[in-house]
Participant: 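Here's a structure for you.
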Amino acid sequence: MGRVGLVRTLKGVILFLAAMGAVFYGFVFPELIREMGAVDFSWLVGPGIAAVSVSAIPIVIALALFWRICTEIGRDNSFSYANARYLSGIGLCALVDTGYCAVGTVTVFVITGGHPSVLLLAVTAVLGGLAIAVAAFLLSHLVRKAAKLKDENDLTI
């Protein structure tokens, strides 16, 4: 697969993830929140839907940054300082969303006296978010080093 095919595939993945996010944030999460709050915590349904919707903002920003990385790869500029910044931005979005998820889960757990399995699921989500953040920061560091080497190499030619 050439560079153009890779970029098309990656942008297709981004569009697929955006569509899945729209389905989950538009239909699945609100319905789950309504179901969970139907009995004892109906007063939490509206704020719960609003709080979950806010968590989509860092995801949208991260997908936009990933789109920009794909655009740079399409221009044959894979190892650039811009891509390193975009990867750092993705890592920051992952950290923000992970922290938001952790605070929200603990808050809901305390308010509702929730089930420990909810806390276990949240810990899994937090660990996944941290893994994404660490991977993005690591890739950012490596791309920055590669961009520096590329610049030095361009100067010697």
Side-chain angles (χ1 to χ4, degrees), residues 6-7 9-74 77-148:
L6 175 67
V7 170
T9 302
L10 287 174
K11 285 185 175 181
V13 168
I14 293 169
L15 292 174
F16 175 75
L17 290 173
M20 291 301 298
V23 167
F24 273 89
Y25 278 96
F27 301 108
V28 176
F29 291 148
E31 190 56 37
L32 285 173
I33 292 169
R34 280 188 200 96
E35 264 184 47
M36 289 189 294
V39 181
D40 294 330
F41 301 102
S42 60
W43 58 276
L44 275 178
V45 171
I49 292 172
V52 168
S53 298
V54 168
S55 73
I57 294 170
I59 294 170
V60 169
I61 293 170
L63 287 176
L65 291 172
F66 189 41
W67 187 275
R68 293 182 81 175
I69 290 171
C70 291
T71 301
E72 289 295 319
I73 292 171
N77 198 17
S78 302
F79 300 112
S80 65
Y81 292 108
N83 277 353
R85 280 192 316 274
Y86 299 151
L87 283 165
S88 289
I90 291 171
L92 183 63
C93 287
L95 278 180
V96 167
D97 212 25
T98 299
Y100 187 75
C101 175
V103 168
T105 302
V106 169
T107 303
V108 169
F109 188 79
V110 168
I111 289 173
T112 63
H115 197 272
S117 63
V118 173
L119 212 50
L120 182 63
L121 182 64
V123 166
T124 304
V126 167
L127 290 176
L130 288 175
I132 291 170
V134 167
F137 287 131
L138 177 65
L139 284 173
S140 172
H141 175 73
L142 293 174
V143 168
R144 188 172 285 111
K145 283 192 156 287
K148 183 178 177 184

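For clarity, every value in this text was computed on a predicted model and none was experimentally measured. Values reported hereafter were calculated over all heavy atoms of this structure, with side chains retained and with hydrogens, waters and symmetry mates removed.
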Participant: List for me each residue that meets side chain to side chain donor-acceptor pair (under 3.5 Å) alongside Thr98, sequence neighbours excluded, and say none if there are none.
Facilitator: none
Participant: Should we count CZ of Phe24 as having more than 12 external heavy atoms under 6.0 Å?
Facilitator: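 Not buried by this count: 12 neighbours or fewer within 6.0 Å.
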Participant: Drop me the distance from Lys145's NZ to Phe79's CZ, to the nearest 0.5 angstrom.
Facilitator: 14.0 Å
Participant: Rounded to the nearest 0.5 Å, what's the gap from NZ on Lys11 to CD1 on Ile73? Could you check?
Facilitator: 10.0 Å
Participant: Going by side-chain contact (heavy atoms from CB on, under 4.5 Å), name the residues that satisfy it together with Pro47, two or more places apart in sequence or in a different chain.
Facilitator: none
Participant: Can you name the closest pair of heavy atoms from Val126 and Ala102 and give their distance?
Facilitator: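 Reported closest heavy-atom pair: CG2-CB, 3.9 Å.
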Participant: Would you say the side chain of Val23 lies within less than 4.5 Å of the side chain of Phe29, judging by non-hydrogen atoms?
Facilitator: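 No - every pair of side-chain heavy atoms lies 4.5 Å or more apart.
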Participant: If you round to the nearest 0.5 Å, how far is CD1 of Ile14 from CG of Leu65?
Facilitator: 10.0 Å
Participant: Given the rule in the side-chain contact (heavy atoms from CB on, under 4.5 Å) test, do Leu95 and Phe137 qualify, once you have shown the distances and angles that lead to the verdict?
Facilitator: CA-CA 10 Å; Leu95 278 180; Phe137 287 131; 3.6 Å; yes
Participant: Give the minimum heavy-atom separation between Ile132 and Ala94, together with the two atoms involved.
Facilitator: CG2-CB, 4.0 Å
Participant: Side chains of Asn77 and Glu72: is there a donor and an acceptor less than 3.5 Å apart?
Facilitator: yes
Participant: Nearest heavy-atom pair of Pro58 and Ser55: which atoms, and what distance?
Facilitator: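 Smallest heavy-atom distance, with atoms named: CD-O, 3.4 Å.
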Participant: Nearest 0.5 Å, please: how far is OG1 in Thr105 from CG in Leu119?
Facilitator: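 If I round to the nearest 0.5 Å, the distance is 7.5 Å.
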Participant: What's the separation between atom CG in Asn83 and atom CG in Leu142, rounded to the nearest 0.5 Å?
Facilitator: 13.0 Å
Participant: Rounded to the nearest 0.5 Å, how far apart are OG1 of Thr71 and CG of Leu10?
Facilitator: 10.5 Å
Participant: Kindly give the heavy-atom pair with the smallest separation between Cys101 and Ala125, and that separation in Å.
Facilitator: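 Heavy atoms of Cys101 and Ala125 come nearest at SG-CB, 4.3 Å.
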Participant: Would a 4.5 Å heavy-atom cut-off, applied to side chains only, mark Phe66 and Leu17 as touching?
Facilitator: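 The answer is no, as the side chains (C-beta and beyond) never meet within the 4.5 Å cut-off.
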Participant: Output a table of donor-acceptor pairs, distance under 3.5 Å, between side-chain atoms of residues 85-93 and any protein atom two or more places apart or on a different chain; print 'none' if there are none.
Facilitator:
unit_1: Tyr86; atom_1: OH; unit_2: Arg68; atom_2: NE; d: 3.4
unit_1: Tyr86; atom_1: OH; unit_2: Arg68; atom_2: NH2; d: 3.2
unit_1: Ser88; atom_1: OG; unit_2: Ala84; atom_2: O; d: 3.3
unit_1: Ser88; atom_1: OG; unit_2: Ser140; atom_2: OG; d: 2.7

Participant: Please answer whether the main-chain N or O of Ala51 pairs with a side-chain N or O of Tyr100 as donor and acceptor at a distance below 3.5 Å.
Facilitator: yes
